[in-house]
J.: 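Questions regarding the structure given below will be posed in turn.
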Amino acid sequence: MIFFLQAGASSPLEDKNPNIKTKTGLATYYSSRFEGRKTTSGKKYRAHKLTAAHRTLPFGTIVTVKNLKNGKTVDVEVNDRGPFTKRYIIDVSAQAAKELGIWKKGDARVEITYVKK
């Protein structure tokens, strides 16, 4: 079964549990030049870890990211702020990008799901 969300509409998951939030938009991934640099949370960015940057979600939030083109999903932990352009809703690590099938493609339309604390 495929569900299409209209602006302002809730997903079937949100109808069952109002603390589960789902959003769709574009995702991109960190450049390799950030390897070893400190993230906003104070942790070092490691390309092989499953992490992400989000503008507002609390650090430590686990987000399920689904590539809407190929259906691949990955769970990432928010440990940084960004992306700093409104075009994207999340930046994922290089490893997460590989698992989503967007490595070297630049970006992809994704659905993110997380539990609102």
Side-chain angles (χ1 to χ4, degrees):
M1 182 178 285
I2 299 174
F3 296 97
F4 294 94
L5 294 180
Q6 296 176 341
S10 62
S11 75
L13 286 175
E14 289 175 273
D15 291 341
K16 292 179 184 175
N17 182 345
N19 291 329
I20 296 176
K21 299 298 178 190
T22 303
K23 297 184 188 279
T24 58
L26 288 175
T28 189
Y29 57 90
Y30 283 86
S31 165
S32 60
R33 69 186 169 110
F34 292 107
E35 179 66 31
R37 292 189 186 180
K38 270 192 179 177
T39 63
T40 308
S41 69
K43 295 180 180 178
K44 287 185 179 180
Y45 169 68
R46 296 294 183 210
H48 67 278
K49 299 278 187 173
L50 296 175
T51 59
H54 190 275
R55 285 188 290 275
T56 60
L57 289 176
F59 297 137
T61 301
I62 303 299
V63 179
T64 300
V65 183
K66 179 180 180 180
N67 183 333
L68 294 175
K69 187 171 185 176
N70 63 20
K72 293 181 179 183
T73 64
V74 67
D75 290 337
V76 295
E77 179 182 351
V78 175
N79 73 345
D80 203 4
R81 290 290 170 236
F84 296 109
T85 174
K86 300 248 181 197
R87 181 172 184 217
Y88 298 105
I89 62 170
I90 197 165
D91 281 338
V92 297
S93 65
Q95 183 63 39
K98 289 174 185 175
E99 292 189 24
L100 289 167
I102 65 172
W103 180 248
K104 300 208 179 196
K105 291 182 179 161
D107 59 20
R109 187 142 180 84
V110 298
E111 175 184 85
I112 64 171
T113 306
Y114 56 92
V115 177
K116 185 178 177 185
K117 295 180 181 179

J.: List the steps and the verdict of side chain to side chain contact (heavy atoms under 4.5 Å, CB included) for Val74 and Val92.
T.: CA-CA 10 Å; Val74 67; Val92 297; 5.7 Å; no
J.: Report yes or no: is the cationic atom of Arg81 (NZ for Lys, CZ for Arg) closer than 6.0 Å to the six-membered ring centre of Phe59, at no more than 45° off its axis?
T.: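 So Arg81 does make the cation-pi contact.
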J.: Is there a donor-acceptor pair closer than 3.5 Å between any side-chain N or O of Asp91 and the backbone N or O of Ala53?
T.: no
J.: Assess the side chains of Asp80 and Thr40: does a donor N or O sit below 3.5 Å from an acceptor N or O?
T.: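 Judged by distance alone, the side chains do pair up.
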J.: Can you tell me if Lys105 uses its side chain to pair, donor with acceptor, with the backbone of Gly101 under 3.5 Å?
T.: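 Yes: the side chain of Lys105 pairs with the backbone of Gly101.
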J.: Taking only residues two or more places apart in sequence or in another chain, which ones pass ring-ring contact (aromatic ring centres under 6.0 Å, His included) with Tyr45?
T.: Tyr30
J.: Measure across Glu77 and Lys43 and return the closest heavy-atom pair with its distance rounded to 0.1 Å.
T.: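 Closest heavy-atom pair between Glu77 and Lys43: OE2-NZ, 3.5 Å.
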J.: Mark yes when over 12 heavy atoms from residues, nucleotides or ligands other than Lys98 sit less than 6.0 Å from its NZ; otherwise mark no.
T.: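 Correct, the count exceeds 12.
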J.: When rounded to the nearest 0.5 angstrom, what is the spacing between CG in Leu68 and CG in Leu100?
T.: 10.5 Å
J.: Indicate the atoms forming the closest heavy-atom contact of His54 with Thr56, along with that distance.
T.: ND1-N, 3.0 Å
J.: I need the full list of ring-ring contact (aromatic ring centres under 6.0 Å, His included) pairs touching residues 87-111, with sequence neighbours left out, sorted by first then second residue.
T.: Tyr29-Trp103
J.: Before giving the answer on side chain to side chain contact (heavy atoms under 4.5 Å, CB included), spell out for Arg46 and Glu35 the whole-Å C-alpha distance, their side-chain angles and the decisive distance to 0.1 Å.
T.: CA-CA 6 Å; Arg46 296 294 183 210; Glu35 179 66 31; 3.1 Å; yes
J.: So does Pro83 get a backbone contact from the side chain of Arg55, meaning a donor-acceptor N/O pair under 3.5 Å?
T.: yes
J.: In this structure, which one of Asp75, Thr73, Thr113, Thr22 forms a side chain to side chain donor-acceptor pair (under 3.5 Å) with Thr64?
T.: Asp75
J.: Measuring from Lys66:NZ to Thr24:OG1, what's the distance to the nearest 0.5 Å?
T.: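 It comes to 12.0 Å.
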J.: How far apart are the C-alpha atoms of Lys23 and Glu111, what are their side-chain angles, what is the distance that settles it, and do they pass the salt bridge (Lys or Arg N to Asp or Glu O under 4.0 Å) test?
T.: CA-CA 6 Å; Lys23 297 184 188 279; Glu111 175 184 85; over 6 Å; no
J.: So which atom in Val110 and which in Ala27 form the shortest heavy-atom distance, rounded to 0.1 Å?
T.: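 Heavy atoms only, the tightest pair is CG2-CB, 3.6 Å.
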J.: Taking all non-hydrogen atoms of both residues, which atom of Lys44 and which atom of Thr39 are closest, and how far apart?
T.: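 Lys44 and Thr39 have their closest heavy atoms at C-CG2, 4.3 Å.
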J.: Do you know which two heavy atoms are closest between Leu57 and Val78, and how far apart they sit?
T.: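 Minimum heavy-atom contact is O-CG1, 3.9 Å.
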J.: Has Thr51 got a side-chain atom pairing as donor or acceptor with Asn79's backbone, closer than 3.5 angstrom?
T.: no
